[in-house]
Amino acid sequence: MFHIQALQSTNLPTPPSHQRRHLILAVSRPPPTSLSAPNKNPSIQSLCKKGQIKEAIHLLTHEQNPTQHTYELLIQSCADQNTISDAFSVHRSLINNGFNQDPFLATKLINMYSDLNSIHHARKVFDEITHRTIYVWNAIFRALSISGHGQDVFTLYRQMNEIGMPNDRFTYTYVLKACVVSESELSSLCYGKQIHAHILRHGYETHVHIMTTLVDMYAKFSCVDSSSLVFSSMPVKNLVSWSAMIACFSKNGRPLEALRLFHDMMLENENMLPNSVTMVSVLQACAAVSALEQGKLIHGYILRKGLDSILPVMSALITMYARCGELELGKNVFYQIDKGDVVSWNSLISCYGVHGLGSEALAVFQEMVRAGVLPSPISFVSVLGACSHLGLVEEGKSLFNSMVKEYKIRPAEEHYACMVDLLGRANRLDEAARFIADMRDEPGPKVWGALLGACRIHCNVELAERACKWLFELEPRNAGNYVLLADIYAEAKMWDEVKRVKMLLEARGLQKVPGCSWIEVNRKIYSLRSVDELNPQMEQIHALLVELSREMVEKSGYVPEAKVVLYDLEYEEKQRLVLGHSEKLAVAFGLINCRRGETIRISKNLRLCEDCHSFTKFVSKFVGREIIVRDVNRIHRFRDGECSCRDYW
DNA sequence: ACAAATGCCT
């Protein structure tokens with residue numbers, strides 16, 4: 001028997017060079033056959049099961065003949081206990097006992113290191129094993145995908161095909177995952193499409209797992225129609241497939257289709273009961289369209305099925321109520337939670353955030369810290385947003401510092417963007433620009449976008465141009481940036497520049513995202529767009545708007561603000577275009593169709609424009625109704641000619 | 001004998 005003394009190195013299982021010769025000898029020895037029954041070392045086994053990994057390792061050092069099964073248990077235990085130093089001890093011992101070329105254990109080791117977030121060591125195991133079974137290949141694909149090393153997966157996948165190693169059904173799911181997490185977005189979608197072709201060529205087009213992963217892959221690239229095509233082509237769909245497709249619609253700005261699909265699922269499959277994951281996506285769709293009645297029905301279902309003990313469901317409920325304008329209902333859900341996690345706390349913080357209650361959001365953040373819940377990066381995004389809304393520059397700066405110093409959270413681009421927004425909104429644009437210049441990381445599109453947004457508020461043409469120089473480079477296909485710049489030029493009456501930006505937009509084949517508003521009437525949800533010919537009431541809606549507008553100008557002093565339209569058009573023409581904004585259509589639709597006295601609840605996919613804001617204020621007084629509009633950021637509650645945002649949004 | 005798909009808070 002070969003005896004190799006235990007290695008001293010603490011972080012690497014690789015032996016020093018003078019021992020390699022022994023190792024090679026060890027390698028050439030066939031792995032010990034497990035003639036010995038597994039219960040030969042019952043104590044290691046039982047210690048592993050109890051999670052006492054340190055004690056198990058101690059016994060291992062005295063064990064004369066550890067078997068493959070012993071190591072399997074030890075490796076699993078290390079992964080469960082999350083102790084990497086113990087993992088190294090086990091790995092070293094395994095090498096010393098001649099198991100380092102055992103593919104079964106290599107698979108286990110790769111998975112273990114992956115679970116311990118140590119992709120480097122997982123890769124080392126893979127590189128050093130010479131006999132790579134399909135399990136070993138799949139394990140490294142899984143590990144690389146989870147750790148975000150998509151490019152490495154593609155490289156290895158190509159190697160695997162070159163040496164003629166056949167893929168199996170597991171390979172495809174991992175490689176598709178790699179596309180989603182990969183570093184460079186565009187090339188990954190190309191890869192995804194290629195893998196899709198491989199999958200069809202190998203006859204997996206009916207495989208539920210693989211097809212569902214494909215649906216999700218396209219969803220993550222916002223290729224909603226591709227997801228939908230794959231989904232429709234599936235001869236067999238299970239709950240996960242349906243949930244993936246519903247989530248795809250919810251996450252990609254098509255909430256109505258998410259809700260429709262959910263209802264189709266329930267109708268077509270009597271025995272397919274939605275689970276908590278399905279419910280979360282459906283709640284997100286309700287939130288997106290402010291479908292309060294639908295949301296309440298779902299809430300009832302959740303209670304009946306006992307899904308109200310599941311934190312993600314509760315967090316989604318809180319958000320749904322808040323985004324529908326029902327702060328109190330959202331709070332109630334939060335206080336029904338037994339023991340919340342950081343996500344449910346974040347939900348409550350953002351609950352106050354969308355209602356523009358910055359001080360309350362800050363207070364909840366402090367309460368969360370006092371309750372001993374560690375704030376997450378997202379907690380800071382929310383709370384910095386609150387500071388920005390309140391104009392609390394110093395408070396925001398100190399929170400940012402404590403995030404880095406106290407909580408050791410490395411600022412992500414979102415956090416930098418929050419700071420730029422904070423400074424920019426407070427009309428400290430120069431300081432914001434200096435903050436960007438002093439950043440430790442390369443400023444990305446979110447940061448420049450925040451600066452551009454602030455420039456719009458304060459009409460700073462020069463700085464806006466500087467931000468756009470970067471933005472047009474970093475995300476040339478984001479139409480929103482062009483529109484914002486054109487808005488700023490229009491505000492400054494620089495019509496030639498407005499035209500120039502418009503032409504640039506067209507030359508690049510881009511269109512601004514069309515405005516869309518949603519409204520729920522009698523538990524049915526309607527969407528309205530300015531170019532909508534489908535709504536049978538469109539003529540009635542237009543007539544009402546013209547009449548309202550005229551009467552409010554005469555009787556209550558409403559002044560239409562046509563400046564929000566980019567083009568250098570005649571005033572009358574601008575008026576006509578502005579009256580066609582989707583939220584005004586929705587207001588009129590609500591006035592026509594909602595019961596008297598009922599609150600009109602509208603949601604919109606973009607930011608509320610100034611004229612619509614002013615118009616809705618006047619309408620609320622003129623017709624004596626409460627109107628709640630949620631735009632991308634926040635709630636506007638219009639009552640008696642006033643808005644809850646106090647004209648600051 | 002080993003391995004897979006959907007979701008909460010920005």
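Convention: sequence-line order gives letters A, B, ...; per-chain numbering from 1.
Rounded to whole angstrom, the span from the CG atom of A:L261 across to the P atom of B:dG7 amounts to 14 Å. Spacing between atom CD1 of A:I298 and atom P of B:dG7 amounts to 18 Å, rounded to whole angstrom units. Between the P atom of B:dG7 and the CD1 atom of A:I310 lies a distance of 15 Å, rounded to the nearest Å. Look at CE on A:M279: it is 15 Å from P on B:dG7, rounded to the nearest Å. With rounding to whole Å, A:R323 atom CZ is found 12 Å from B:dC8 atom P. In this structure, A:R142 places its CZ atom 15 Å from P of B:dC2, rounding to the nearest Å. As a whole-Å value, the separation of A:M217 CE from B:dA5 C1' is 13 Å. In this structure, A:K305 atom NZ and B:dG7 atom C1' are separated by 19 Å, rounded to whole Å.
Residue-nucleotide stacking is not present for A:H209 and B:dA5, judged by a side-chain ring centre under 5.5 Å from the six-membered base ring centre and planes under 30° apart. Under the stacking criterion of a centre-to-centre distance below 5.5 angstrom and an interplanar angle below 30°, A:F170 is not stacked against the six-membered ring of B:dA4.
Nucleic acid contact class of A:S281 (heavy atoms, under 4.0 Å, all strands): sugar-phosphate only. Backbone-only contact: A:D216 has heavy atoms under 4.0 Å from sugar-phosphate atoms and none from a base. Here A:K251 lies in heavy-atom contact (under 4.0 Å) with sugar-phosphate atoms only. When heavy atoms are screened at a 4.0 angstrom cut-off, A:S276 is found touching base atoms of the nucleic acid. A:A247 comes within 4.0 angstrom of the backbone, heavy atoms only, and of no base. Base engagement by A:H207 is indicated by at least one non-hydrogen atom pair under 4.0 Å involving a base atom.
With hydrogens and angles ignored, no donor-acceptor pair closer than 3.5 Å exists between the side chain of A:S243 and the base of B:dG7. Taking only distance into account, the side chain of A:N238 meets the base of B:dA5 through a donor-acceptor pair shorter than 3.5 Å.
Ionic pairing of A:K49 and A:D80 is not present here: no N-O contact between side-chain nitrogen and carboxylate oxygen is shorter than 4.0 angstrom. By the 4.0 Å N-to-carboxylate-O rule, A:R260 lies too far from A:D264 to be salt-bridged with it.
One finds no side-chain N or O of A:K237 lying less than 4.0 angstrom from the OP1 or OP2 phosphate oxygen of B:dT6. Side-chain N/O atoms of A:Q284 include none lying less than 4.0 angstrom from OP1 or OP2 on B:dG7. Using a 4.0 Å cut-off, some side-chain N or O of A:S350 falls inside it from OP1 or OP2 of B:dT10. Between A:K220 and B:dA5, a side-chain N or O to OP1/OP2 separation shorter than 4.0 Å is absent.
By the neighbour-count criterion of 12 heavy atoms within 6.0 Å, atom CD of A:E442 is sparsely surrounded, having that number or fewer from other residues, nucleotides or ligands. The local environment of NZ in A:K397 is crowded, with over 12 non-hydrogen atoms from other residues, nucleotides or ligands closer than 6.0 Å. Atom CG of A:D338 has 12 or fewer neighbouring heavy atoms from other residues, nucleotides or ligands inside a 6.0 Å radius.
Of all nucleotides listed (B:dA1, B:dT6, B:dA3), B:dA3 comes nearest to the side chain of A:Y135. Closest to the side chain of A:K108, out of B:dT10, B:dT6, B:dC2, is B:dC2. Across B:dT6, B:dT10, B:dC9, the shortest atom-to-atom separation from the side chain of A:E414 is found for B:dT10. Side chain of A:Y174, nearest nucleotide from B:dC9, B:dA4, B:dA5: B:dA4.
Looking at heavy atoms from C-beta onward, A:L273 lies in side-chain contact with A:Y301 at the 4.5 angstrom threshold.
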